[in-house]
Protein chains: 2
Amino acid sequence: MVVMRIGRIPKQKRLLELANEIEHNPFITDEQLTKKFNVSIQTIRLDRMELGIPELRERIKLMAEKSYDKVVSLQIDEVIGEVVDLQLDKSAISIFEINEEHVFAKTKIARGHHIFSQGNSLAIAVIDDEVALTASADIRFVRSVKLGEKCIAKAYVRNDSLNRDKVNVDVFTYVGNELVFEGNFVIFRSDHKK
Amino acid sequence: MVVMRIGRIPKQKRLLELANEIEHNPFITDEQLTKKFNVSIQTIRLDRMELGIPELRERIKLMAEKSYDKVVSLQIDEVIGEVVDLQLDKSAISIFEINEEHVFAKTKIARGHHIFSQGNSLAIAVIDDEVALTASADIRFVRSVKLGEKCIAKAYVRNDSLNRDKVNVDVFTYVGNELVFEGNFVIFRSDHKK
DNA sequence: CCAAAAATTATTACCTGATACTAAAAGTAG
DNA sequence: CTACTTTTAGTATCAGGTAATAATTTTTGG
């Protein structure tokens, strides 16, 4: 068995530390790593091989590609959550999963505005109009939503409105069959073209 | 005056198209650009110089750094907007500037949920408690907010509440001295420790 | 203690996508 | 024709690597 003696840190430990170092500083070169670990550049490269960590240039390229995709997808998210059903001017359903970036670090409970955002953007999406803006809303958070839970929002357009420029949309959001949020949104529409 | 004859596109036009090409495909090499524009690689490089566009590797590095910063700052944003004044259990003020990612592409009007998010997170921040959650809210979007406008949200804790577990917070958001949003938030607090 | 195995270091050739610089050729205007 | 701009060509150099082969050092089993 291979057991390193004193004087230099053992290989296994170095591998762990190397992976860690690159993780939280992806912009470090092999050259700089040799100084950190007091080993030759070849050792660093063998280590990277073993760990399956690509070279600096590949790493930053991957990061850039990832963020580039994100920018594109950020412009796609006309709706917070994924619309699974849409009947214009009638009803709509969207699904939104709560993950780390949506919760309070301490409690792992979703921040209210994300739940609101899902409902609000669905209420906007269901309105078949060029320009639809939220005028006001009356909302209630029935119970808190936790990390990992899937929120299913259902929006219903109330057609009892007298005024054609204002539409009432009711939104109910569920986790499973438990109601977690409800809201009544008053939406302004620019001009109804149908 | 320099006016190019037929056969090749004029320099000024090429410069514009080059900037455009790199803008929406930052991962293109000078070599690939020579084929697109049918000029030598030196010309491409002179053009980049003139336009102040860095080389491929610099470009993707900048993108990666930007996204790396974003990941870090995403975890900092306990509050949407920048808190400029905070008197716990009394009042708070935050500033939030509307930029491209917050508006509808067509109209350049801010999506309602961002305005809501600023108000909601400020209402949470002003409550001096370990766990504070939004129970319900009654909100009104007074006028639409446009790209580039700075929203100043002011939150006031109403201390007329009988129930110590529920707190009412009023939020008024202004652009300049125009009211754009108002909301009354009912916040649940876990246990008041003072 | 000694030989085999493991780990590390050294060396060399090569790659991509550039910069920096010098020089020459081609096109264009007056 | 000539002054000027634009474009092309060529060379040297760089960073930050890959790939492969060999040599050296360290460790350990027995």
Side-chain angles (χ1 to χ4, degrees), chain A residues 1-69 71, chain B residues 1-69 71:
Chain A
M1 231 229 271
V2 181
V3 178
M4 280 265 179
R5 288 282 158 83
I6 44 160
R8 187 192 285 133
I9 66 164
K11 189 184 178 185
Q12 291 310 314
K13 201 184 170 193
R14 190 188 60 223
L15 287 177
L16 287 172
E17 284 180 24
L18 186 77
N20 210 292
E21 181 64 36
I22 295 174
E23 170 97 29
H24 85 263
N25 179 13
F27 299 95
I28 198 166
T29 65
D30 288 356
E31 178 111 35
Q32 291 171 300
L33 286 165
T34 64
K35 284 160 195 166
K36 283 235 170 191
F37 292 93
N38 279 308
V39 288
S40 72
I41 202 159
Q42 289 76 5
T43 301
I44 295 293
R45 285 168 183 170
L46 286 169
D47 286 359
R48 268 201 300 104
M49 288 274 179
E50 211 162 327
L51 293 163
I53 298 171
E55 61 164 298
L56 170 65
R57 284 164 178 172
E58 283 303 310
R59 292 197 299 268
I60 53 185
K61 195 179 173 188
L62 286 171
M63 290 175 68
E65 277 168 349
K66 221 164 116 187
S67 79
Y68 193 66
D69 289 348
V71 169
Chain B
M1 230 229 272
V2 181
V3 179
M4 280 267 179
R5 288 283 156 83
I6 43 159
R8 186 191 288 135
I9 65 165
K11 189 183 176 182
Q12 291 311 312
K13 201 184 169 196
R14 190 188 59 225
L15 286 177
L16 286 172
E17 285 180 24
L18 187 76
N20 211 291
E21 180 64 34
I22 294 174
E23 169 97 28
H24 85 264
N25 179 14
F27 298 95
I28 197 165
T29 64
D30 288 356
E31 178 111 36
Q32 291 172 300
L33 287 165
T34 63
K35 284 162 194 167
K36 282 234 172 193
F37 291 94
N38 278 310
V39 288
S40 72
I41 202 157
Q42 287 77 6
T43 302
I44 295 294
R45 284 167 182 170
L46 286 169
D47 285 359
R48 266 199 304 103
M49 288 272 180
E50 209 162 327
L51 293 164
I53 298 171
E55 61 162 298
L56 170 65
R57 285 164 176 172
E58 283 303 311
R59 291 197 302 267
I60 58 181
K61 195 180 174 185
L62 286 170
M63 289 174 69
E65 276 169 348
K66 220 165 117 188
S67 78
Y68 194 67
D69 289 349
V71 171

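What you see is a predicted model, and the numbers here were worked out from it, not measured in a lab. Lettering follows sequence order; numbering is per chain, from 1.
Between Glu50(B) and Lys11(B) there is a salt bridge, since a side-chain N of the basic residue sits under 4.0 Å from a carboxylate O of the acidic one.
Atom pair Leu46(A):CG and dA20(D):P shows a separation of 13 Å (rounding to whole Å applied). Rounded to an integer number of Å, the gap from Met49(A) CE to dT9(C) C1' is 16 Å. Look at CD1 on Ile44(A): it is 17 Å from C1' on dA15(D), rounded to the nearest Å. In this entry the distance linking CG of Asp47(B) with P of dT19(C) reads 12 Å, nearest Å. Summarising the geometry, the separation between CD1 on Ile28(B) and C1' on dG17(C) is reported as 14 Å, rounded to the nearest angstrom. Distance CZ (Arg45(B)) to C1' (dA20(C)): 11 Å, rounded to an integer number of Å. The CG-P distance, from Asp30(A) to dT18(D), rounds to 6 Å in whole Å. Whole-Å rounding puts the Gln12(A) CD to dT27(D) C1' distance at 15 Å.
Comparing Arg48(A) and Gln42(B) against DNA chain D, the residue whose closest nucleotide sits nearer the 5' end is Gln42(B).
For the pair Pro54(B) and Leu62(B), the tightest heavy-atom approach, listed with the atom from each and the gap, is CG-CD1, 4.4 Å.
A side chain to side chain contact (heavy atoms under 4.5 Å, CB included) with Val39(A) is found for exactly one of Ile44(A), Thr34(A), Asp47(A), namely Ile44(A).
Looking at heavy-atom distances under 4.0 Å, Ile41(B) makes no contact with the nucleic acid at all.
Minimum atom distance to the side chain of Leu56(A) is reached by dG16(D), of the listed dG16(D), dT19(C), dT8(C). Across dT8(C), dG17(C), dG17(D), the shortest atom-to-atom separation from the side chain of Glu55(A) is found for dG17(D).
Under a 3.5 Å cut-off, the side chain of Gln32(B) and the backbone N or O of Thr29(B) do form a donor-acceptor pair.
One donor-acceptor pair, N or O on each side, does fall under 3.5 Å between the base of dT16(C) and the side chain of Arg57(B).
Between Thr43(B) and the phosphate of dT7(D), there is no side-chain N or O to OP1/OP2 separation shorter than 4.0 Å.
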